[in-house]
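Working notes, structure below.
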Amino acid sequence: MNILYESTEQIEAVFPRAKERIEYRGLLCVRSSGATPVTLTLKFVPPYPFCVEVPETHTIKGRSVTEVYAKLVRFFHKFGFEFSL
């Protein structure tokens with residue numbers, strides 16, 4: 001399995017009611033084969049939010065980049081955050 005593409009992503013989300021922001025640094029990796037060739041490994045960047053506790057690390061796997069980012073939006077929504085660009 002060869003790595004076709006790899007990049008570092010800066011991902012931010014906002015908690016709408018408190019206007020609080022969080023940030024994750026992610027490593028997006030696209031491999032040449034496998035059941036889930038696309039992975040996004042997230043690592044939280046402090047400061048921690050006051051409103052809710054979020055995981056420090058999280059890995060999302062999928063068949064395409066679009067599927068991985070759709071799962072990322074659901075991950076943020078689970079904690080009450082909205083994905084922001």
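In what follows, every heavy atom counts, from backbone to side chain, and hydrogens, waters and symmetry copies are set aside.
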Test item: [X] and [Y] side chains (from C-beta on) under 4.5 Å apart, heavy atoms:
{"X": "Phe83", "Y": "Phe75", "answer": "no"}
{"X": "Leu40", "Y": "Ile11", "answer": "yes"}
{"X": "Glu6", "Y": "Leu27", "answer": "yes"}
{"X": "Cys29", "Y": "Ile3", "answer": "yes"}

Atom pair [atom1]/[atom2] of [X] and [Y] - distance to nearest 0.5 Å:
{"X": "Arg31", "Y": "Tyr5", "atom1": "CZ", "atom2": "OH", "answer": "14.5 Å"}
{"X": "Phe81", "Y": "Glu20", "atom1": "CZ", "atom2": "CD", "answer": "6.0 Å"}
{"X": "Leu42", "Y": "Leu72", "atom1": "CG", "atom2": "CG", "answer": "6.0 Å"}
{"X": "Lys43", "Y": "Tyr24", "atom1": "NZ", "atom2": "OH", "answer": "10.5 Å"}
{"X": "Lys19", "Y": "Arg21", "atom1": "NZ", "atom2": "CZ", "answer": "10.5 Å"}

Determine whether Phe44 and Val73 fall in the same hydrophobic cluster, where Ile, Leu, Val, Met, Phe, Trp and Tyr are linked whenever their side-chain heavy atoms lie under 4.5 Å apart.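 Yes: a chain of side-chain contacts under 4.5 Å links Phe44 to Val73.
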Assigning hydrophobic clusters by single linkage (Ile, Leu, Val, Met, Phe, Trp, Tyr; side-chain heavy-atom cutoff under 4.5 Å), is Ile22 placed with Val14?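 No; tracing contacts between hydrophobic side chains, which count when under 4.5 Å, never links both residues.
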Would you say the side-chain atoms of Ser32 pair up with the backbone N or O of Asn2, donor to acceptor, closer than 3.5 Å?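 Here the side-chain-to-backbone pair exists.
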For Gly80 versus Pro16, what's the shortest heavy-atom pair and its separation?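 Heavy atoms of Gly80 and Pro16 come nearest at O-CD, 3.5 Å.
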Basic-acidic side-chain contact under 4.0 Å: Glu23, Arg25: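 A salt bridge links Glu23 with Arg25.
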Table please: side-chain donor-acceptor pairs of residues 49-69 below 3.5 Å, with sequence neighbours left out.
| from | atom 1 | to | atom 2 | distance (Å) |
| --- | --- | --- | --- | --- |
| Glu56 | OE2 | Tyr48 | OH | 3.3 |
| Ser64 | OG | Glu67 | N | 3.2 |
| Glu67 | OE1 | Arg63 | N | 3.0 |
| Glu67 | OE2 | Lys71 | NZ | 3.4 |
| Tyr69 | OH | Glu9 | OE1 | 3.4 |

